[in-house]
Asker: 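I'd like to ask you about the structure that follows.
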Amino acid sequence: MQSLAHIALLVRDYDEAIRFYVDLLGFELLQDTEQPQQHKRWVVVKPPGPGPGCSLLLARAVGDVQLACVGNQSGGRVFLFLQTDDFERDYRRYCAAGVRFVRAPAEHDYGKVAVFEDLYGNRWDLLQYRS
């Protein structure tokens with residue numbers, strides 16, 4: 001059996017990314033470990049909720065190529081999909097926290113969705129599937 005453990009997300013700065021994902025979005029900080037021999041930190045966050053699920057490895061960009069990809073890891077398309085059990089609660093909370101939505105909530109046959117950007121411009125779907 002296999003599952004995704006982490007998705008690496010390029011960030012400019014560890015601490016500003018932690019503030020966005022933990023303080024604004026309410027993610028849990030699972031790990032923040034210095035790795036001095038590699039001049040980096042191992043920073044892992046995940047949405048709140050039961051089970052391990054897939055988490056984000058916040059990877060500080062190094063060099064011009066990686067820095068150019070910060071905020072555009074998917075060429076401007078929605079990159080990550082954040083599923084919620086209460087769309088209205090999370091949408092209101094994110095709006096109040098200043099999260100920038102670039103597509104208003106919409107109802108579809110599969111559920112409700114709105115598109116927001118993280119602090120770097122990566123696009124996310126906030127999504128609640130119909131039961």
Side-chain angles (χ1 to χ4, degrees):
M1 200 160 79
Q2 297 178 335
S3 64
L4 288 175
H6 311 293
I7 295 174
L9 181 66
L10 289 171
V11 301
R12 276 192 299 265
D13 178 81
Y14 294 117
D15 294 320
E16 74 180 2
I18 290 170
R19 282 191 298 275
F20 180 83
Y21 287 102
V22 174
D23 297 344
L24 263 67
L25 296 188
F27 282 27
E28 299 171 13
L29 178 61
L30 300 180
Q31 289 180 282
D32 185 356
T33 307
E34 292 283 340
Q35 296 188 327
Q37 68 280 18
Q38 297 177 29
H39 306 290
K40 66 180 184 179
R41 289 160 55 185
W42 182 261
V43 179
V44 179
V45 298
K46 82 170 208 51
C54 187
S55 56
L56 291 178
L57 171 66
L58 303 179
R60 188 189 65 213
V62 177
D64 292 340
V65 172
Q66 290 181 14
L67 283 167
C69 293
V70 171
N72 193 25
Q73 288 190 216
S74 63
R77 293 187 60 130
V78 169
F79 177 50
L80 297 164
F81 299 79
L82 182 59
Q83 184 177 343
T84 179
D85 64 347
D86 188 333
F87 182 92
E88 295 302 326
R89 174 199 65 210
D90 291 338
Y91 178 74
R92 283 193 307 272
R93 185 167 62 87
Y94 289 176
C95 286
V99 174
R100 182 174 180 269
F101 279 84
V102 296
R103 197 168 308 141
E107 293 277 347
H108 297 281
D109 57 344
Y110 57 84
K112 195 166 196 174
V113 64
V115 179
F116 69 91
E117 290 182 340
D118 69 15
L119 73 164
Y120 300 113
N122 292 301
R123 291 189 172 196
W124 290 65
D125 270 1
L126 176 63
L127 172 66
Q128 183 176 12
Y129 288 111
R130 290 195 197 287
S131 16

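Numbering of residues begins at 1 and proceeds along the displayed sequence. These figures come from a predicted structure and were not determined experimentally.
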Asker: For the CG atom of Asn72 and the CG atom of Leu10, what is their distance to the nearest 0.5 Å?
Answerer: 11.0 Å

Asker: For the pair Phe27 and Trp124, name the ring-plane relationship: parallel under 30°, tilted 30 to 60°, perpendicular over 60°.
Answerer: perpendicular

Asker: Which pair of heavy atoms, one from Ala97 and one from Leu24, lies closest together, and at what distance?
Answerer: O-CD2, 3.6 Å

Asker: Taking everything shown except Arg130 itself, do over 12 heavy atoms lie less than 6.0 Å from its CZ?
Answerer: yes

Asker: Answer whether the closest heavy-atom distance between the side chains of Tyr94 and Phe101 falls below 4.5 Å.
Answerer: yes

Asker: Quick check: do Asp118 and Leu9 have side-chain heavy atoms less than 4.5 Å from each other?
Answerer: yes

Asker: So which heavy atom on Leu58 is nearest to which on Ala17, and how close?
Answerer: CD1-CB, 3.9 Å

Asker: Heavy-atom count around Asp64 CG within 6.0 Å, excluding the residue itself: above 12?
Answerer: no

Asker: Find the distance between CG (Asp13) and CZ (Phe20) and round it off to the nearest 0.5 Å.
Answerer: 14.5 Å

Asker: Please indicate whether Arg103 has more than 12 foreign heavy atoms, meaning atoms of other residues, nucleotides or ligands, lying under 6.0 Å from its CZ.
Answerer: no

Asker: From Leu82 CG over to Leu25 CG, what is the distance, rounded to the nearest 0.5 angstrom?
Answerer: 7.5 Å

Asker: How long is the gap from CD1 on Ile7 to NZ on Lys46, to the nearest 0.5 Å?
Answerer: 13.5 Å

Asker: When you look at CD of Gln37, are more than 12 heavy atoms from neighbouring residues, nucleotides or ligands closer to it than 6.0 Å?
Answerer: yes

Asker: Looking at every heavy atom in both Gly26 and Pro48, which two are closest together, and how far apart are they?
Answerer: O-CD, 3.5 Å

Asker: Check the hydrophobic clustering (I, L, V, M, F, W, Y; side-chain heavy atoms under 4.5 Å; chains of links allowed) and say if Val102 and Leu126 are grouped together.
Answerer: no

Asker: Can you list every pair that meets salt bridge (Lys or Arg N to Asp or Glu O under 4.0 Å) and has a residue in residues 16-25, with sequence neighbours left out?
Answerer: Arg12-Glu16

Asker: Quick one: salt bridge (Lys or Arg N to Asp or Glu O under 4.0 Å) partners of Arg41, sequence neighbours excluded?
Answerer: Asp15, Asp32

Asker: If I take atom CD from residue Gln35 and atom NZ from residue Lys40, how far apart are they, to the nearest 0.5 angstrom?
Answerer: 5.5 Å

Asker: Before giving the answer on side-chain contact (heavy atoms from CB on, under 4.5 Å), spell out for Leu80 and Asn122 the whole-Å C-alpha distance, their side-chain angles and the decisive distance to 0.1 Å.
Answerer: CA-CA 8 Å; Leu80 297 164; Asn122 292 301; over 6 Å; no

Asker: Under the ring-ring contact (aromatic ring centres under 6.0 Å, His included) rule, what pairs show up with a residue in residues 45-88, not counting sequence neighbours?
Answerer: Phe87-Tyr91

Asker: Should Val99 and Ile18 be counted in the same cluster of Ile, Leu, Val, Met, Phe, Trp and Tyr side chains packed under 4.5 Å apart?
Answerer: yes

Asker: Membership question, hydrophobic clusters at under 4.5 Å side-chain separation (ILVMFWY): are Leu67 and Tyr14 in the same one?
Answerer: no

Asker: At what distance, to the nearest 0.5 angstrom, does OG1 of Thr84 lie from CG of Asp125?
Answerer: 12.5 Å

Asker: With no hydrogens and no angle check, just 3.5 Å: does a side-chain donor-acceptor pair link Gln31 and Trp42?
Answerer: yes

Asker: Taking it one step at a time, do Tyr21 and Leu29 satisfy side-chain contact (heavy atoms from CB on, under 4.5 Å)?
Answerer: CA-CA 9 Å; Tyr21 287 102; Leu29 178 61; over 6 Å; no

